[in-house]
Amino acid sequence: MGATEGEVPSVDQGQTADGDPLAIIQQLQQQFEVEAESISDEAELAELRARYLGRKRGALTAVFDRMRSLPGELRAQVGKQANQARQLLTRRLDEISSALAEGRDKRCDLDVSLPGRTVHLGSLHPITLALQEIESVFTRMGYEVVEGPEVETDWYNFEALNIPKEHPARDIQDTLYLGGEWLLRTHTSPVQIRTMQRRQPPLAIIVPGRVYRRDTPDATHTPSFVQCEGLVVGPDITMTDLKGTLDHFAKALFGHETRTRFRPGYFPFTEPSAEMDATCPACAGNGCRVCKGSGWVEMLGSGMVHPAVFEAVGYDPQTVQGFAFGMGVDRIAAVRYGIDDIRTLYENDIRFLKQFAT
Ligand code: DAH
């Protein structure tokens with residue numbers, strides 16, 4: 001008993017127990033399932049469909065044909081069963097048909113002889129890379145990273161930093177005013193004020209951020225650039241702390257053989273003020289294109305926090321001292337990566353940026 005593949009049981013053959021039409025329908029379904037498993041193309045599928053549901057030789061169709069000669073009640077039962085079986089088979093055939101279609105589409109897509117597609121990976125911007133290094137050096141020394149708003153008031157950007165209305169520093173830093181008291185911050189120094197207002201000493205913070213100036217772009221200026229500020233406040237902070245810290249910073253960034261020098265400088269918010277240079281990391285201080293032959297690169301401005309600044313935030317300059325510094329991150333990046341025109345840092349030319357992929 002039981003039909004083998006290719007040989008479909010039929011009511012005529014009476015291969016099942018007693019030729020019971022209900023049992024035959026069930027057997028037909030089981031047999032169909034087994035055969036359906038091995039269908040691998042459209043031709044086989046059409047053949048399967050014909051063998052079970054075909055008008056002439058369909059095994060299930062035969063059940064319908066024979067049904068007519070069955071007695072009333074059995075006929076109704078068989079009819080119902082056969083109809084269900086037909087629906088089931090039809091659904092399975094349709095499923096197989098769409099699975100085959102899908103497989104065919106997949107096969108068309110896959111041409112193993114085609115060259116692989118290049119996946120373009122993004123890379124970090126050189127300013128981001130430089131900033132990450134700067135932040136890493138200072139956070140290892142226990143500094144906290146703090147940020148502040150790019151839209152500032154005149155008071156935070158100038159007044160509280162000991163830069164009064166008629167001060168010439170307001171010309172040096174050509175400001176983009178927004179109307180009223182509002183302006184685009186010209187440096188990250190206002191975040192010193194905001195932080196000191198909120199908190200009590202001791203403090204050790206660095207402040208990365210974008211700043212704005214009314215500059216015409218050239219090889220060393222852009223109207224918007226990135227600075228990193230630093231501020232340390234506590235009892236007994238001295239100029240020696242400033243020099244030791246910033247010398248360590250230069251060595252950590254450019255290599256331990258780096259030397260630094262401090263030149264007297266002027267900033268309204270520090271007294272005394274100093275500018276720090278480092279030996280050029282590109283030529284070890286021998287003179288090259290990066291340092292324009294001098295062997296030295298300017299790294300930052302710094303100084304001891306002016307008492308007027310402490311007074312503006314309500315600190316007592318008799319009991320706390322502090323040092324501060326500020327640097328242009330794009331300049332640091334330019335030196336670090338040997339870039340001679342900082343405009344390239346803001347043009348987003350993919351050919352330039354690609355060089356910094358790690
Ligand atoms: N704010 C200064 C500038 O934009 C940089 C600076 C110099 C910041 C000395 C400081 C400092 O905190 O002590 O040019």
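When reading the values below, keep in mind they use all heavy atoms of this one structure, side chains included, and skip hydrogens, waters and symmetry mates. Note that the numbering runs from 1 along the sequence shown for the chain.
- Among residue pairs with one or both ends in residues 76-90, those qualifying as side-chain hydrogen bond (donor to acceptor under 3.5 Å, both in side chains) are Asn83-Arg86; sequence neighbours excluded.
- Residues Met196 and Phe310 meet the side-chain proximity criterion, which asks for heavy atoms closer than 4.5 Å.
- One finds the CG atom of Asp247 at 14.0 Å from the CZ atom of Arg261 (value rounded to the nearest 0.5 Å).
- Partners of Asp154 according to the salt bridge (charged side-chain N to carboxylate O under 4.0 Å, His left out) rule, which considers only residues two or more places apart in sequence or in another chain, are Lys165, Arg170.
- Contact of the Pro126 side chain with the Leu353 side chain is registered, since non-hydrogen atoms from C-beta on lie closer than 4.5 Å.
- For Pro190 against Asn157, the heavy-atom pair with the smallest separation is CG-OD1, 3.8 Å.
- Every side chain to side chain donor-acceptor pair (under 3.5 Å) that Arg351 has, sequence neighbours left out, goes to Asp349.
- Counting heavy atoms from C-beta on, the side chains of Tyr315 and Leu203 come closer than 4.5 Å.
- Side-chain atoms of Arg185 come within 3.5 Å of backbone N or O of Gly148 as a donor-acceptor pair.
- Within the 3.5 Å criterion, the main-chain N or O of Thr240 finds a donor-acceptor partner in the side chain of Thr238.
- In this structure, the side chain of Arg213 engages the main chain of Thr186 through a donor-acceptor pair within 3.5 Å.
- Pairing each heavy atom of Ala219 with each of Asp341, the nearest pair is CA-OD1, 3.3 Å.
- Under the 4.5 Å side-chain contact rule for hydrophobic residues, Val191 and Leu131 do not share a cluster.
- Although no hydrogens or angles enter the test, the distance criterion places no donor-acceptor pair under 3.5 Å between the side chain of Asp215 and the main chain of Pro217.
- Interatomic distance, OG of Ser97 versus CG of Leu48, reported as 12.0 Å (0.5 Å rounding).
- By the 4.5 Å heavy-atom criterion applied to side chains, Leu74 and Met67 are not counted as neighbours.
- Going from atom CD1 of Ile39 over to atom CZ of Arg92 covers 10.0 Å, rounded to the nearest 0.5 Å.
- Contact of the Ile205 side chain with the Val145 side chain is not registered, since no non-hydrogen atoms from C-beta on lie closer than 4.5 Å.
- Distance check, rounded to the nearest 0.5 Å: SG of Cys291 to CD of Glu298 gives 12.0 Å.
- Of all heavy-atom pairs spanning Met327 and Ile332, the tightest one is SD-CD1, 4.0 Å.
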(Q) side-chain hydrogen bond (donor to acceptor under 3.5 Å, both in side chains) for Tyr337 and Gln355? Distances and angles first, verdict last. (A) CA-CA 10 Å; Tyr337 303 114; Gln355 301 173 71; over 6 Å; no
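- Classification of Glu257 and Lys251 as a salt-bridged pair fails, no side-chain N sitting under 4.0 Å from a carboxylate O.
- With sequence neighbours excluded, no residue forms a ring-ring contact (aromatic ring centres under 6.0 Å, His included) with Phe64.
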List, one per line, each side-chain donor-acceptor pair under 3.5 Å for residues 221-230, sequence neighbours excluded.
unit_1, atom_1, unit_2, atom_2, d
His221, ND1, Asp218, OD1, 3.0
His221, ND1, Asp218, OD2, 3.4
Thr222, OG1, Ser224, O, 3.0
Ser224, OG, Arg210, NH1, 2.7
Gln227, OE1, Thr188, N, 2.9
Gln227, OE1, Thr188, OG1, 3.2
Glu229, OE1, Thr188, OG1, 2.8
Glu229, OE1, Ser189, N, 3.3
Glu229, OE1, Ser189, OG, 3.2
Glu229, OE2, Ser189, OG, 2.8
Glu229, OE2, Gln192, NE2, 2.6

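- Transitive grouping of hydrophobic side chains (ILVMFWY, heavy atoms separated by less than 4.5 Å) keeps Leu161 and Phe323 in distinct clusters.
- Every ring-ring contact (aromatic ring centres under 6.0 Å, His included) that Tyr143 has, sequence neighbours left out, goes to Phe138.
- Residues meeting the side-chain contact (heavy atoms from CB on, under 4.5 Å) test with Glu147, sequence neighbours left out: none.
- Closest heavy-atom contact between Ile237 and Gly322: CG2-CA, 4.0 Å.
- When atom types are taken as modelled, the side chain of Thr245 and the backbone of Asp241 share a donor-acceptor pair closer than 3.5 angstrom.
- Considering only residues two or more places apart in sequence or on other chains, Arg75 meets the side chain to side chain donor-acceptor pair (under 3.5 Å) condition with none of them.
- For Gln132, there are no side chain to side chain donor-acceptor pair (under 3.5 Å) partners two or more places apart in sequence or in a different chain.
- For Glu144, the side chain to side chain donor-acceptor pair (under 3.5 Å) test picks out Arg199, with sequence neighbours left out.
- With respect to Glu95 and Arg91, no salt bridge is recorded, no charged nitrogen being found less than 4.0 Å from a carboxylate O.
- Between the side chains of Glu275 and Tyr266, no donor-acceptor pair of N or O atoms lies under 3.5 Å.
- Note that the CD atom of Gln27 and the CG atom of Leu22 stand 13.0 Å from one another [nearest 0.5 Å].
- Leu178 belongs to a hydrophobic cluster whose remaining members, ordered by chain and number, are Val151, Leu176, Trp182, Leu184, Tyr212; membership requires side-chain heavy atoms of ILVMFWY residues under 4.5 Å apart, directly or through intermediates.
- Proximity of Arg336 to Glu133: side-chain heavy atoms (C-beta onward) are separated by under 4.5 Å at one or more points.
- Listed by chain and number, the residues in a salt bridge (charged side-chain N to carboxylate O under 4.0 Å, His left out) with Asp65 are Arg68 (sequence neighbours excluded).
- Side-chain contact check for Ile206 versus Val146: every heavy-atom pair is 4.5 Å or farther apart.
- Side-chain contact check for Thr195 versus Leu231: every heavy-atom pair is 4.5 Å or farther apart.
- Residues Arg259 and Trp296 come closest through the heavy atom pair O-CZ3, 3.7 Å.
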Q.
Pair Asp94, Arg49 - check salt bridge (charged side-chain N to carboxylate O under 4.0 Å, His left out), show working.
A. CA-CA 10 Å; Asp94 290 346; Arg49 191 186 292 273; 3.7 Å; yes
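- Taking the six-membered ring for Trp, His187 and Phe267 have ring centres at least 6.0 Å apart.
- Looking at Glu33 and Gln29, their side chains never bring a donor and an acceptor atom within 3.5 Å of each other.
- If you take NE2 on His248 and CG on Leu253, they are separated by 10.0 Å, rounding to the nearest 0.5 Å.
- Taking both residues in full, the closest heavy atoms of Ser302 and Thr270 are given as O-OG1, 3.9 Å, listed atom of the first, atom of the second, then distance.
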